[in-house]
Trainee: 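Structure below; questions to follow.
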Protein chains: 2
Amino acid sequence: MALAPPLPDATADELAAMYKALADPTRIQMLHMLSAAEEPICVCDFTAAFDLGQPTVSHHLAKLKQAGFVDSFKRGVWAFYRLRDDMPKSARAALATIPR
Amino acid sequence: MALAPPLPDATADELAAMYKALADPTRIQMLHMLSAAEEPICVCDFTAAFDLGQPTVSHHLAKLKQAGFVDSFKRGVWAFYRLRDDMPKSARAALATIPR
DNA sequence: GCAAGGCATCGACAACTGTCAATGTATTTG
DNA sequence: CAAATACATTGACAGTTGTCGATGCCTTGC
């Protein structure tokens with residue numbers, strides 16, 4: 001039998017980029033926390049939860065944002081992150097594979 | 001509200017390792033081909049399908065195997081790869097997020 | 001207005017990853 | 001046995017990634 005037509009290159013690239021955002025234990029934990037939380041989570045809480053410097057925490061959150069999993073807003077001095085409610089379909093499906 | 005208990009470190013590490021295996025367009029395409037195919041696919045077919053050297057193709061297939069997505073067998077001179085039928089549950093769930 | 005605190009950005013560095021060329025190992029064929 | 005073919009493994013190299021320290025930008029409180 002002939003091989004199936006490949007996915008469009010752009011599709012494969014986008015999927016790979018999305019999985020790359022998930023390919024780190026810290027970011028997995030972050031998404032787990034956000035999935036379980038009712039409310040947005042402050043960067044300061046992430047910084048307290050992980051044994052990592054604050055710039056590193058910001059770096060991971062920026063990657064999750066860039067990949068379309070989360071968005072953020074500022075209230076006063078604090079920056080809060082939450083799962084995007086209009087998350088891309090593929091992102092939502094991938095997120096569903098992380099245990100609650 | 002208190003933050004949810006984190007995932008066990010081992011769980012987060014395993015998930016991250018699994019997503020790392022998916023974090024490459026070539027490997028996405030390989031899984032796509034294997035999902036669509038009725039039969040195991042020969043390394044030579046992968047080598048023909050991608051504009052990559054044979055060692056690189058072997059490298060990608062080895063990563064998919066190590067991550068638990070595929071297994072392989074040899075028949076004569078050829079090596080065939082197929083989706084594992086006893087794929088880990090998390091791997092099966094993640095694979096389901098790749099378009100058929 | 002000034003100091004302090006929360007966060008993002010920048011620069012640097014070690015570790016890892018994708019790729020190739022070269023080589024090694026089986027298996028088939030002559 | 002010799003040559004050829006299919007694949008895996010090794011070594012090397014450039015590009016990427018996770019991490020940190022230092023710095024910059026805002027916002028709040030004095």
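What you see is a predicted model; the values in this text were computed from it and never measured. Naming: A, B, ... by sequence-line order, numbering from 1 per chain.
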Trainee: Any chance CG of B/Asp86 has more than 12 other-residue heavy atoms, nucleotides or ligands included, within less than 6.0 Å?
Mentor: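 Correct, the count exceeds 12.
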
Trainee: What integer distance in Å separates B/Phe73:CZ from D/dA6:C1'?
Mentor: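 Value for this atom pair: 15 Å.
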
Trainee: Rounded to the Å, how far apart are B/Lys20 NZ and C/dC16 P?
Mentor: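 B/Lys20 atom NZ is separated from C/dC16 atom P by 9 Å.
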
Trainee: Are any of B/Lys74's side-chain N or O atoms less than 4.0 Å away from OP1 or OP2 of D/dC7?
Mentor: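 Result: no.
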
Trainee: Nearest-nucleotide wise, let me know which of A/Asp24 and A/Arg75 is further upstream toward the 5' end of DNA chain D.
Mentor: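 Mapping each residue to its closest nucleotide by heavy atoms, the 5'-most match is A/Asp24.
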
Trainee: Give the cluster check for A/Phe80 versus A/Phe46: same hydrophobic cluster or not, with ILVMFWY residues linked at side-chain heavy-atom distances below 4.5 Å.
Mentor: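 No.
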
Trainee: Tell me whether A/Thr47 contacts the main-chain N or O of A/Val43 through its side chain, where contact means a donor paired with an acceptor under 3.5 Å.
Mentor: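 Present.
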
Trainee: Under 4.0 angstrom, heavy atoms only, what part of the nucleic acid is A/Phe50 near: base, sugar-phosphate, or nothing?
Mentor: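 Answer is nothing: A/Phe50 stays at 4.0 Å or more from every strand.
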
Trainee: So does B/Lys65 pair up with B/Asp71, basic N to acidic O under 4.0 Å?
Mentor: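 No, no charged N to carboxylate O under 4.0 Å.
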
Trainee: Let's go through B/Leu22 and B/Thr97 carefully: what are the C-alpha distance in whole Å and the side-chain angles of both, what is the deciding distance for side chain to side chain contact (heavy atoms under 4.5 Å, CB included) to 0.1 Å, and is it a yes or a no?
Mentor: CA-CA 11 Å; B/Leu22 297 178; B/Thr97 66; 5.6 Å; no

Trainee: Can you check the B/Ile28 CD1 to C/dG18 P distance for me, whole Å?
Mentor: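 In whole Å, C/dG18 P lies 12 Å from B/Ile28 CD1.
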
Trainee: Would you say that B/Ile98 contacts B/Ser35 through its side chain, given a criterion of any heavy-atom pair below 4.5 Å between the two side chains?
Mentor: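 Answer no - side chains too far apart.
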
Trainee: Once you round it to whole Å, what is the distance between C1' of D/dC26 and CZ of A/Phe80?
Mentor: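 That distance rounds to 16 Å.
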
Trainee: Under 4.0 Å from OP1 or OP2 of C/dC7: is there any side-chain N or O of A/Tyr81 that close?
Mentor: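 No.
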
Trainee: Check DNA chain D against residues 51-70 of chain A and give the residues with a non-hydrogen atom under 4.0 Å, in numerical order.
Mentor: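 A/Leu52, A/Gly53, A/Pro55, A/Thr56, A/His59, A/His60, A/Lys63 - these, ordered by number, are the residues of the stretch whose heavy atoms sit under 4.0 Å from the strand.
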
